[in-house]
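Numbers restart at 1 for each chain; the letters A, B, ... are given by sequence-line order, proteins then strands. Just so you know, these numbers come straight off a predicted model, no measurement behind them.
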Amino acid sequence: MKVLPRSFFARDALDVAPDLLQKIVEAGRCEGRIVEVEAYRGREDPGSHGFRGPTPRTEVMFGPPGHLYVYFTYGMHWCANVVCGRDGECSAVLLRAAAPVAGLELMRSRRPAARRDRDLCSGPAKLCQALAIDGVLDGIDVCAADSPVRFLDDGVAPPDDPGCSTRIGLSAGADLPWRFTVADDPNLSRS
DNA sequence: ACCGGGATGTTCT
DNA sequence: GAACATCCCGGTG
């Protein structure tokens, strides 16, 4: 189990996203295996929060890679991205779903609405709720050894042929096929 | 199974 | 004032 280095994230989000599949995300004393992500590329991507340039909310996305961009949406949900690319660019990968791996009792207590374990992390806001990720963690460096959110490689390779489809929940940029999945995994946000 | 609507508040126009 | 990278619940079939 080694922490993914900054060089892993210092690439185009479209390259990082599929490589992140099957990696472990660790936070809130729980672990999940990433099975669904989406790539966002700021200035050329109408679906990105950074499309119209930096704002107080999105400034982290324009900073150096390996930091967490956490945003609040629909009045009640948190969603988490990892910033990719180079400092000054705007690219990130949204964590959309994971397979629960460790700390399942804690996840269940944080997600009382989940009827089955496959519902614990099967969506970007569910994942954050299960792993206790919220705005307090916005901007943290996930490459630091003592980071409260870490990405780990335990030797499981990403899929040779990941699922690829359009991103979910967007109006602008909805046509771009920048969603990547572990095909047919039961923990996906949808098929 | 599928679908429709409500919750709830920050952000940007 | 509208939009929002969502989720949950209660309806119907």
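In this structure, Trp178(A) CH2 and Thr166(A) OG1 are separated by 12.5 Å, a value rounded to the nearest 0.5 Å.
Residue-to-nucleotide contacts include no donor-acceptor pair under 3.5 Å from the side chain of Tyr74(A) to the base of dA7(B).
Contact between the side-chain N/O atoms of Arg111(A) and the OP1/OP2 oxygens of dC8(C) is found at a separation under 4.0 Å. Within the structure, every side-chain polar atom (N or O) of Ser48(A) is placed at least 4.0 Å from both OP1 and OP2 of dA5(C). Taking only side-chain nitrogens and oxygens, Ser171(A) comes nearer than 4.0 Å to OP1 or OP2 of dC4(C). Checking the phosphate oxygens (OP1, OP2) of dA5(C), a side-chain nitrogen or oxygen of His49(A) falls inside 4.0 Å.
We find that CG of Leu170(A) is positioned 12 Å from C1' of dT6(C), with the value rounded to whole Å. Remark: P of dC3(B) and CZ of Arg190(A) are 11 Å apart, rounded to the nearest angstrom. Between Phe51(A) atom CZ and dA3(C) atom P there is a gap of 18 Å when expressed in whole angstrom units. Here the P atom of nucleotide dT6(C) and the CD atom of Glu38(A) are 8 Å apart, to the nearest Å. One atom, CZ of Phe72(A), and another, P of dT6(C), lie 14 Å apart when rounded to the nearest Å. Taking atom CH2 on Trp178(A) and atom P on dA5(C), their separation rounds to 16 Å, with Å as the unit. Between Trp78(A) atom CH2 and dT11(B) atom P there is a gap of 8 Å when expressed in whole angstrom units. His77(A) places its NE2 atom 4 Å from the C1' atom of dT6(C), with the value rounded to the nearest Å.
If you check dC3(B) for Watson-Crick or wobble pairing at under 3.5 angstrom, you find it paired to dG10(C).
The pair Arg11(A)-Asp19(A) meets the salt-bridge criterion, since a charged nitrogen lies less than 4.0 angstrom from a carboxylate oxygen. Ionic pairing of Arg57(A) and Asp138(A) is not present here: no N-O contact between side-chain nitrogen and carboxylate oxygen is shorter than 4.0 angstrom.
Closest approach to the Ala113(A) side chain among dT6(C), dT10(B), dC9(C) is made by dC9(C) (side chain taken as heavy atoms from C-beta onward). Taking the side chain of Arg57(A) as heavy atoms from C-beta on, and the options dG9(B), dC8(C), dC12(B), the nearest nucleotide is dC12(B).
Contact annotation for Gly47(A): base contact, defined as any heavy-atom pair under 4.0 Å involving a base atom.
In terms of position along DNA chain C, the nucleotide closest to Ala172(A) lies nearer the 5' end than the nucleotide closest to the other residue of the pair Ala172(A) and Leu127(A).
Leu94(A) and Leu176(A) sit in two unconnected hydrophobic clusters of ILVMFWY residues. Membership requires side-chain heavy atoms under 4.5 Å apart, directly or through other members.
Aromatic stacking of Tyr71(A) on dA5(C): not satisfied for centres closer than 5.5 Å together with planes under 30 degrees.
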